[in-house]
Undergrad: 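Please see the structure below; I have some questions.
Proteins get letters first, then strands, A, B, ... in listed order; numbering begins at 1 in each.
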Amino acid sequence: MIVELGHYALVLGLALSLAQMVVPMIGLRTNDARMLAVAPSLTVATFLVIAVSFAALTWAYVTSDFSVRNVWANSFSDKPMIFKITGVWGNHEGSMLLWILTLALFGALVAFFGGNLPSRLKAAVLSVQGSVTVAFALFILLTSNPFERLSPPPLEGRDLNPILQDIGLAIHPPLLYLGYVGFSICFSFAVAALIEGRIDAAWARWVRPWTLVSWVFLTAGISMGSYWAYYELGWGGWWFWDPVENASFMPWLIGTALLHSALVMEKREAMKVWTILLAILAFSFSLLGTFLVRSGVLTSVHSFATDPERGLFILMILVFFIGGSLILFALRAGTLRNGGMFHPVSREGALVLNNLFLTTATATVLVGTLYPLLVEAVSGEKISVGAPYFNYTFIPLMIPLLMAVPFGPLLAWKRGNLAAAAERLWLTAAISLVAALAIAWLVYDAPILSAFAYALAFWLIIGSFADVWQKAGFAKNGWSKGWARLKGLPRANWGTALAHAGLGITTLGIVGVTTLEDETVLRMTPGDTTSFAGYDVAFNSLTPGKGPNFTYDKGIFTISRDGRVIGTVEPEKRVYVASRMPTTEAGIQTVGLFSQYYLALGDAVEGSEDIVVRIWWKPWVTLIWYGTVVMVAAGLISLSDRRLRIGAPVAARRRREAALAAAKPEPAE
Amino acid sequence: MVFWLTVLALTAAAIVIGFRPMLRGTGSAAPDRVEDHEHDIAVYRHQLEELAGEEARGSISPVEAAQARNEISRRILAVEDRLTAAGATGFSTVPRRSGAATLALFALVFIPGLTLIIYTGIGSPAYEAQPLAMRLEAMRDAAAARNQTQDQLRDLVVRAEDHLRDNPDDGRGWDVLAPVYFRLGEVGKSETAYRNAIRLLGETPQRLSGLGETMVTAAGGIVTADASALFDRALDANPADARARFFAGLADVQIGQYEDARSAWTVLAADEGADMAWRAVAQQSLARLDETAPAVENSGRPPVLDEATIEQMQDMSAVERGSVIEGMVASLDERLRDQPNDLEGWKRLIRARIVLDQDDGLRDALERARSAYEDRPDELESLRAFAQGLGVNVEEYWP
Amino acid sequence: MTRKQKRFAVIFSALAVLGGAVALVLTGLSEQVTFFRTPTDIVSTANASENDGRLRLGGLVVMGSVETLDDAAVRFAIEDANHAVTVRYAGILPDLFREGQGIVAEGTMQPDGTFRADTVLAKHDETYMPREVADALKEQGAWKGEASAETPASSDY
């Protein structure tokens with residue numbers, strides 16, 4: 001019964017989201033307050049019903065109900081419980097259900113926390129959000145129904161793709177979806193603003209926290225995904241410029257741009273058209289990503305779904321929402337009066353520069369991702385655009401942006417003083433250069449060009465705090481007073497500084513691992529010892545064994561330096577029983593704080609006892625992910641700033657009534 | 001019924017939650033336009049406070065602060081202008097009947113109606129959930145119940161045998177005992193009993209097809225020429241005999257006349273006058289035939305036995321189940337002796353032995369499977385996992 | 001600065017960045033793109049310069065051709081319906097690399113007519129054939145469908 005209840009709940013979710021879309025729209029047309037008032041409650045109902053549906057599917061997975069086709073195709077009775085649960089979204093149908101659950105969740109959050117929104121705007125936002133839910137609920141019911149049944153039920157399932165049986169997968173897609181789908185709220189806000197014809201500073205203020213929430217989740221999701229690929233695929237890479245990675249990276253770039261341009265819109269009522277466009281684009285890129293992944297049009301290490309019917313359906317959704325919103329945008333954009341003027345050298349100018357580089361970089365990624373499809377469609381020639389292209393185009397665009405970051409917060413609104421800002425940063429520049437040269441020459445004897453890259457990373461990390469440093473005014477106020485002022489700074493200031501510093505830390509990790517990385521491939525027999533990158537690696541043993549639903553060969557290696565043991569790693573080669581699929585589990589040993597020693601087992605060499613072993617030395621590699629952790633923390637700190645949360649004007653009505661009673665205008669505050 | 005009540009409760013709850021503001025009455029929940037503008041003004045007031053804070057901290061110069069304050073004030077004025085302009089066309093505060101009707105239409109007709117139409121179109125409301133643990137338990141319970149009835153039957157048989165020893169010419173006794181022997185899996189004794197009954201009491205379609213069935217089972221599921229002749233005779237006497245009709249169809253399959261088998265089984269499955277159990281078996285075999293006909297054409301094997309057939313047959317009376325399943329299992333078993341290199345076949349056999357609760361058969365199947373795959377650890381591992389998945393403690397069989 | 005000059009400055013810098021990006025994209029797409037080739041393409045091309053630069057070589061791994069060299073590098077041959085090309089690769093072969101399986105090797109052609117790969121791709125799906133390889137084999141009429149996969153049970157997913 002529970003399974004069918006879930007199926008019914010999903011259909012009910014479709015009907016409720018249709019109501020959520022249509023009723024407030026009628027309310028806006030006829031100016032009927034009651035219809036506007038039901039928008040939030042309908043949204044909450046939609047969410048609850050879809051949550052019931054998702055819970056039912058999860059229950060089917062947990063109890064190994066193989067009468068559900070989706071469970072049979074992706075689960076196995078012996079699988080550990082955690083992977084039974086993650087199996088729910090480790091496949092196409094289940095992940096689409098997670099997608100609309102997230103969609104409905106964000107709607108419900110707006111309904112819940114949106115007390116500070118004017119009722120018309122809120123109703124319009126929820127209505128647009130409802131329309132997206134309708135489209136995807138239809139998509140699921142028509143092309144990818146997870147509740148399809150099998151009669152009679154088979155006795156055993158087919159198992160989840162072993163490469164997806166990993167704890168990284170438990171967290172990575174839900175986080176990514178929270179980010180991806182979170183931008184649907186920005187999109188709904190943008191379309192609602194266009195429908196309502198109110199695009200102003202207040203709108204930007206309301207949309208900012210939602211952008212920030214999505215950005216935080218997306219950052220965390222991409223970072224998790226990158227780490228997952230790093231240790232699960234056994235290829236030693238942390239970013240492949242794979243189309244699926246690009247699909248999540250493009251919304252992140254646009255979302256970052258939106259975060260910055262919404263700030264300008266809120267403070268100065270400038271960049272209005274642009275901000276609305278970015279809000280539409282951020283979600284459009286999320287939809288594009290979904291299309292690229294789900295339609296299987298790309299050759300990619302990630303794609304686990306190929307079905308032209310589904311692809312076509314998502315393409316229709318894509319065209320409808322992107323096309324529709326852009327047409328609305330074109331119709332309304334002309335009527336916008338632009339707001340505050342500003343000098344090119346100013347906070348606004350710096351944020352424009354940020355947007356310029358971020359969107360241009362997004363465009364180059366987009367071109368590189370779609371170009372192979374285009375070429376194949378036009379000429380039939382098959383090409384692939386890989387890391388060389390992306391590094392070649394993306395990095396040159398990032399360098400000036402990263403160099404400019406510390407300047408931004410130091411410039412005043414409207415008209416800034418570049419010379420003064422530069423003056424405040426000279427010490428930062430000097431420290432960065434010295435540190436970089438020290439690393440490049442003394443420690444690692446690296447080429448001079450890499451020193452520049454190190455300097456850039458340090459410049460970012462240290463320079464990010466120039467603004468808070470200056471606001472504390474230690475020089476002027478002395479230590480104790482400066483310290484007090486530092487603590488009194490709004491959290492958003494700290495958020496900005498930390499987020500930029502996090503970016504610098506990630507940059508440092510990337511620079512470190514790119515310039516200093518070393519790898520070797522060699523044949524080893526148990527008992528062998530080899531020396532690599534200053535460490536000694538002893539191959540102790542190779543033992544076969546059995547896990548819950550796989551068999552493995554486990555190598556045990558001891559890593560030591562100058563006779564001191566640093567750690568033991570146990571890379572494995574696994575074969576999963578149900579699917580007979582082999583996978584590689586890398587053995588990773590963190591050395592010091594940030595560097596890693598990474599071992600992967602290859603195949604046994606025929607006619608000998610040797611096995612091929614690949615060893616990487618990955619200096620500073622974990623900084624890449626620590627940096628993103630700092631960015632996520634920074635986002636959360638900003639979110640907690642009370643300035644982002646404006647309470648609803650509760651007292652408004654009473655005050656107005658009092659004012660009317662006194663029959664005179666309210667005294668000015 | 002419970003399902004539909006739950007569905008009703010879910011729908012009602014969702015609609016109550018969804019239209020909650022309507023239930024509270026219209027007055028207090030309904031927003032108005034003046035209040036809406038207060039939301040904007042709240043934002044700008046907030047900006048002013050922020051500005052004051054920054055100025056107090058010295059983050060911005062007094063000149064900048066003054067400029068910014070001017071801008072924010074202009075925004076507040078713009079909001080108030082808009083409010084005055086819109087004052088005439090505020091929200092309709094008088095409840096309009098059309099609005100209430102639309103809402104009621106959505107809540108009471110549109111949402112439940114649409115859901116019901118779509119769900120009944122694509123859902124399977126009558127299909128219970130099938131958690132694996134419950135299914136395995138049900139299988140074990142069924143096996144235990146079967147053992148119990150068999151024990152009772154054995155007592156009966158002992159008494160009947162005593163009686164027949166004294167009165168070997170009691171045709172009625174043999175007639176009663178024949179199907180019971182069959183049900184207990186004593187195929188040889190059953191065959192003898194049938195023959196005695198026919199000798200003493202004469203042929204009836206029932207006895208002829210019963211005898212045929214024992215012969216098919218004895219032959220490992222193959223409809224031998226003798227058995228086939230018996231079924232033909234049974235059908236001559238009574239063309240409606242379901243058992244004979246089914247086995248005639250099976251005989252057709254085994255000589256490659258799939259179309260004849262298909263039409264015979266189709267008619268049987270649709271025949272409302274025939275025994276339900278045999279109709280179900282025909283239906284299942286028909287489905288199997290559609291799926292496997294090409295494969296059958298290649299190998300000339302009898303239709304494959306899979307868990308679907310087995311489970312279907314659990315609903316049949318034990319006699320019929322005994323004949324069909326045992327026959328098919330026996331033929332599968334036989335085939336695996338000749339062609340042990342068939343992983344799927346071994347899995348089917350193991351599953352069948354578990355479902356039929358034949359521990360000796362299971363032990364035999366596992367041992368033979370192990371010797372067949374001794375040098376192939378992957379396959380062996382897959383078999384082990386498969387058996388474990390069905391709740392078998394493999395270690396017990398594979399020391 | 002006048003209003004006009006400000007606007008000019010903003011537009012000019014935007015155009016400069018965009019222009020730079022377009023230049024990067026265009027040169028990137030003409031120089032950094034990897035073309036897909038089958039062994040037949042490589043062997044039968046009249047113009048040797050077509051085999052310059054980075055290539056993705058796709059086909060089936062020739063049965064019995066895989067050998068591990070003393071330096072732990074691997075040598076194997078990739079074939080299509082007509083020709084075979086020898087590939088040398090230093091690194092760990094992907095989990096699903098098997099003889100007879102369709103794979104894609106990425107790298108450059110050497111003057112001696114062998115292919116030096118720095119990446120070898122096989123899909124993490126037993127029945128999977130890299131898309132380019134499948135298409136190329138279909139064109140040559142050598143496609144045998146998915147029937148050769150070891151576990152037909154999962155071929156419809």
Undergrad: Please rank B/M134, B/E381, B/R384, B/R75 by heavy-atom pairs under 4.5 Å with chain A and give me the top one.
TA: B/R75

Undergrad: Contact part of A/K546 toward chain B, heavy-atom cut-off under 4.5 Å: side chain, backbone, both or neither?
TA: side chain

Undergrad: Is any side-chain heavy atom of A/L42 closer than 4.5 Å to a side-chain heavy atom of B/F106?
TA: no

Undergrad: Heavy-atom pairs under 4.5 Å with chain A: which of B/V7, B/L116, B/L10 has the most?
TA: B/V7

Undergrad: Between atom CG of A/N116 and atom CD of B/E38, what is the distance when rounded to the nearest 0.5 Å?
TA: 14.0 Å

Undergrad: Using a 3.5 Å distance criterion without hydrogens, assess whether the side chain of B/Q47 forms a donor-acceptor pair with backbone atoms of A/E266.
TA: yes

Undergrad: Is chain A contacted by the side chain of B/V2, its backbone, both, or neither, given a heavy-atom distance below 4.5 Å?
TA: both

Undergrad: For residues B/Y127 and A/V3, determine if any side-chain heavy atom of one lies less than 4.5 Å from a side-chain heavy atom of the other.
TA: no

Undergrad: At a heavy-atom distance under 4.5 Å, which candidate from B/A14, B/A107, B/G123, B/S124 has the highest pair count against chain A?
TA: B/S124

Undergrad: What's the separation between atom OH in B/Y119 and atom NE2 in A/H7, rounded to the nearest 0.5 Å?
TA: 6.5 Å

Undergrad: For B/F3, is it the side chain, the backbone, both or neither that has a heavy atom under 4.5 Å from a heavy atom of chain A?
TA: both

Undergrad: Report which part of A/L5 has an atom under 4.5 Å of a heavy atom belonging to chain B: side chain, backbone, both, or neither.
TA: both

Undergrad: Considering non-hydrogen atoms only, spot the tightest contact between B/I111 and A/A15 and give its length.
TA: O-CB, 3.8 Å

Undergrad: Is it true that B/E71 and A/K414 make a salt bridge, defined as a side-chain N closer than 4.0 Å to a carboxylate O?
TA: yes

Undergrad: Stepwise, does the side chain to side chain contact (heavy atoms under 4.5 Å, CB included) test hold for A/L117 with B/H39?
TA: CA-CA 6 Å; A/L117 296 175; B/H39 286 271; 5.5 Å; no

Undergrad: Go through it in stages, so that I can follow the logic: the residues are B/E50 and A/K267, the test is side chain to side chain contact (heavy atoms under 4.5 Å, CB included), and I'd like the CA-CA distance, side-chain angles, deciding distance and then a yes or no.
TA: CA-CA 11 Å; B/E50 229 173 272; A/K267 297 283 185 197; 2.9 Å; yes

Undergrad: With a 4.0 Å cut-off, would you call B/E64 and A/R347 a salt bridge?
TA: no

Undergrad: For A/R149 and B/E128, indicate whether the former's side chain and the latter's backbone hold a donor-acceptor pair under 3.5 Å.
TA: yes

Undergrad: Under a 4.5 Å heavy-atom cutoff, which of B/D40, B/L114, B/T6, B/I118 has the most pairs with chain A?
TA: B/D40

Undergrad: Where does A/L12 contact chain B at under 4.5 Å (heavy atoms): side chain, backbone, both or neither?
TA: both

Undergrad: So which atom in A/A202 and which in B/Y44 form the shortest heavy-atom distance, rounded to 0.1 Å?
TA: N-OH, 3.3 Å

Undergrad: Can you say whether A/D467 sits under 4.5 Å from chain B via the side chain, the backbone, both, or neither, judging by heavy atoms?
TA: neither

Undergrad: Please evaluate residues B/Q130 and A/F66 with respect to the criterion side chain to side chain contact (heavy atoms under 4.5 Å, CB included), reporting the C-alpha separation (whole Å), side-chain torsions for both, the decisive distance (0.1 Å), and the verdict.
TA: CA-CA 7 Å; B/Q130 308 282 333; A/F66 297 126; over 6 Å; no

Undergrad: Determine the option with the most heavy-atom pairs under 4.5 angstrom with chain B, choosing from A/Q20, A/E148, A/R198.
TA: A/R198

Undergrad: I need the minimum non-hydrogen distance between B/P21 and A/A37, along with the two atoms involved.
TA: CG-O, 3.4 Å

Undergrad: Are the side chains of B/T102 and A/T30 in contact, using a 4.5 Å heavy-atom criterion?
TA: no

Undergrad: Please determine which of B/T11, B/T120, B/T115 meets the side chain to side chain donor-acceptor pair (under 3.5 Å) test together with A/Y8.
TA: B/T11

Undergrad: With side chain to side chain contact (heavy atoms under 4.5 Å, CB included) as the criterion, how do A/D200 and B/V79 come out once you've worked through the C-alpha distance, each side chain's angles and the decisive distance to 0.1 Å?
TA: CA-CA 10 Å; A/D200 50 29; B/V79 171; 6.0 Å; no

Undergrad: Side chain, backbone, both or neither: which part of A/I26 has an atom under 4.5 Å from a heavy atom of chain B?
TA: side chain

Undergrad: Quick one: pull up CD1 in B/I17 and CG in A/L16 and give me the separation to the nearest 0.5 Å.
TA: 9.5 Å

Undergrad: Please look at A/W413 and chain B and tell me whether the side chain, the backbone, both or neither of the residue comes under 4.5 angstrom of a heavy atom of that chain.
TA: backbone

Undergrad: Can you tell me which portion of A/F147 sits under 4.5 Å from chain B's heavy atoms? Options are side chain, backbone, both or neither.
TA: neither

Undergrad: Pick one of side chain, backbone, both or neither for A/A60, based on which atoms fall under 4.5 Å of a heavy atom in chain B.
TA: neither

